[in-house]
Colleague: 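Okay, here's the structure, questions in a sec.
Please read all numbers here as calculations on a predicted model, not as lab measurements.
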Amino acid sequence: MTDEDRFIAAKFRVRLFLSVDLSGSTAFKNSRDGEARDRASPKWVTTFEAFYRDFPAKFRSAYAQMKTPQSGTDDCPKLWKAVGDELIFCGRVNTRKAVMVALMAFIQTLHDYRKSFAEDDSPLNLKGAGWLASFPEPNRAVNLRSSGDEVNYLTASEALEAAADAQPFEYDFLGKAIDTGFRVASFAKPERFALSVQLARLLASCPPGTGFDHLIRFENTVALKGVNGGEAYPVLYIDTLKHLATESIRLKERQLLKRHEEPAREDLNTYLKAYCSVVGTEEIKLPLSANDSEMEPPLSYLDHAPRISEHLASEKDREKVGDIAIDEPANGGDGDIPEGKGLEPLE
């Protein structure tokens, strides 16, 4: 990254957000087992510390094992923030296969960590969610924290977005897709990994046999205040029943409620295309693999990129003027101390 990148409009990019939340945490904190102390801290504290430390490490390991040349060179999504008992990861994705690898590694980590809870007879469980967001339009990265770097990264510049790719925990991400993603995460349950419409549509657009092991289910629609003008939002999810003590009950419930069959991928894709057209949700397109050509950015980016470039160019000119004003003396001379009457040394 060069200094010039501070004044270049950010390239279009897509980020994947993945959330994992401890289920049953409040009850555990207030239980006799959770309050038990074998050291200085109660058991719930050491359990949560282990979760914050071990889940990201296990996720990175699973991602490294699943990554292929076809998925590209994208790094494993990094921890963006911890919100109470919830960990949220964020990573730039350049291909649909990279999205698949990250999702499968994340869900596998969720299942493996749940298994360790079950083996320890812990009452805790895990639930997860995922969503996509495109940058720098219509969502934005914002630098709210300082890592000691005094460089001023301008909004929507390549320098700022590249820095947010490298260290998401130093930045915040704002926009409609982020707000919607947090709402979608409220659909999550231990038995279902919730998906945003844009993420589900991207996965449904992949032809069969492309390496994604999970099927997408569609439960119903729910109105989300402030989202899509009041049009009910589809509850879409991936099964995460593995290692659940209630797995047999959940499966029987689905059968009795006639929800045991997932929709065909083509039918789901057709529905989501129609839904997005009605509510005005832009499709996020990525090439299938690293061997495929890049997709053209969406209109939201193409329409605003020239304005972003103009703004950054004006900021560059303004900075140059400021530098000149600092370097040049106020009288416009060569910087020497002027001589003349009234400037004799004081006695």
Side-chain angles (χ1 to χ4, degrees), residues 16-25 27-28 47 51-52 54-63 65-66 76-77 79 83-91 99-132 181-204 206 211-220 222 233-255 257 259-263 265 268:
L16 172 66
F17 293 83
L18 298 168
S19 161
V20 60
D21 195 0
L22 282 173
S23 178
S25 58
F28 181 62
T47 299
F51 170 66
Y52 295 150
D54 295 344
F55 191 96
K58 291 178 183 294
F59 176 38
R60 288 193 299 271
S61 177
Y63 184 89
Q65 293 175 12
M66 294 185 184
C76 179
L79 183 63
V83 184
D85 308 328
E86 180 183 14
L87 300 179
I88 306 173
F89 297 78
C90 169
V99 175
M100 295 179 204
V101 167
L103 264 176
M104 289 191 296
F106 198 78
I107 291 173
Q108 177 180 303
T109 305
L110 187 152
H111 283 154
D112 291 346
Y113 213 93
R114 173 186 291 158
K115 183 180 179 182
S116 68
F117 277 152
E119 290 172 345
D120 292 340
D121 292 325
S122 171
L124 293 171
N125 215 320
L126 298 172
K127 56 185 179 181
W131 64 93
L132 293 172
F182 280 109
R183 297 290 187 86
V184 167
S186 69
F187 297 155
K189 293 182 178 181
E191 66 268 21
R192 68 186 190 195
F193 185 94
L195 303 172
S196 71
V197 164
Q198 287 179 311
L199 178 53
R201 186 177 179 186
L202 183 130
L203 294 171
C206 301
F212 190 63
D213 297 338
H214 301 280
L215 298 171
I216 300 173
R217 293 180 174 274
F218 177 23
E219 181 164 305
N220 55 13
V222 176
Y233 197 92
V235 178
L236 302 153
Y237 67 97
I238 291 170
D239 258 339
T240 48
L241 285 164
K242 194 173 182 180
H243 302 306
L244 266 183
T246 57
E247 179 178 0
S248 60
I249 300 174
R250 299 286 91 84
L251 289 173
K252 181 57 70 174
E253 286 172 349
R254 288 180 187 173
Q255 186 177 9
L257 295 170
R259 295 175 179 169
H260 57 291
E261 293 185 2
E262 64 282 338
R265 184 174 297 187
L268 180 62

Colleague: Can you tell me if Arg217 uses its side chain to pair, donor with acceptor, with the backbone of Pro263 under 3.5 Å?
Modeller: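 No.
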
Colleague: Are any of the side-chain heavy atoms of Phe193 and Leu236 separated by less than 4.5 Å?
Modeller: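 Answer no - side chains too far apart.
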
Colleague: What verdict does the salt bridge (Lys or Arg N to Asp or Glu O under 4.0 Å) test give for Glu253 and Arg250, after you've listed the backbone C-alpha separation in whole Å, the side-chain angles of each residue and the deciding distance to 0.1 Å?
Modeller: CA-CA 5 Å; Glu253 286 172 349; Arg250 299 286 91 84; 2.8 Å; yes

Colleague: Taking the side chain as every heavy atom from C-beta outward, state whether Arg254 and Leu241 have any atom pair closer than 4.5 Å.
Modeller: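 Arg254 vs Leu241: side chains touch.
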
Colleague: Mind checking what makes side chain to side chain donor-acceptor pair (under 3.5 Å) contact with Ser25, not counting sequence neighbours?
Modeller: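 Side chain to side chain donor-acceptor pair (under 3.5 Å) list for Ser25, sorted by chain: Asp85.
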
Colleague: Ile88 versus Val83: any side-chain heavy-atom pair under 4.5 Å?
Modeller: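 Yes, at least one pair of side-chain atoms sits under 4.5 Å.
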
Colleague: Using the benzene-type ring in the case of Trp, are the ring centres of Phe187 and Tyr237 under 6.0 Å apart?
Modeller: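 No, the ring centres sit 6.0 Å or more apart.
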
Colleague: Side chain of Thr246, backbone of Ile249: donor and acceptor closer than 3.5 Å?
Modeller: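 No, the answer is negative, given that no donor and acceptor are paired below the 3.5 Å cut-off.
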
Colleague: Sequence neighbours left out, cut at 3.5 Å: what donor-acceptor pairs do the side chains of residues 99-113 make with other protein atoms?
Modeller:
{"from": "Thr109", "atom 1": "OG1", "to": "Ala105", "atom 2": "O", "distance (Å)": "2.7"}
{"from": "Tyr113", "atom 1": "OH", "to": "Ala50", "atom 2": "O", "distance (Å)": "3.4"}
{"from": "Tyr113", "atom 1": "OH", "to": "Phe51", "atom 2": "N", "distance (Å)": "3.3"}

Colleague: Looking only at atom types and distance, does a side-chain atom of Ser19 sit under 3.5 Å from a main-chain N or O of Gly128, one as donor and one as acceptor?
Modeller: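 No: the side chain of Ser19 does not pair with the backbone of Gly128.
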
Colleague: Quick one: does any side-chain atom of Thr240 pair with a main-chain N or O of Arg192 as donor and acceptor, under 3.5 Å?
Modeller: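 It does hold such a pair.
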
Colleague: Has Arg265 got a side-chain atom pairing as donor or acceptor with Ala204's backbone, closer than 3.5 angstrom?
Modeller: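 The answer is no, because no donor-acceptor pair under 3.5 Å joins these two groups.
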
Colleague: Suppose we screen for side-chain contact (heavy atoms from CB on, under 4.5 Å). Which residues come up paired with Pro123, at least two apart in sequence or across chains?
Modeller: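 Partners of Pro123 by the side-chain contact (heavy atoms from CB on, under 4.5 Å) criterion, ordered by chain and then number, come out as Phe28.
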
Colleague: Which label fits Tyr63 and Phe59: parallel for a plane angle under 30°, tilted from 30 to 60°, or perpendicular past 60°?
Modeller: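 Tyr63 and Phe59: perpendicular rings.
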
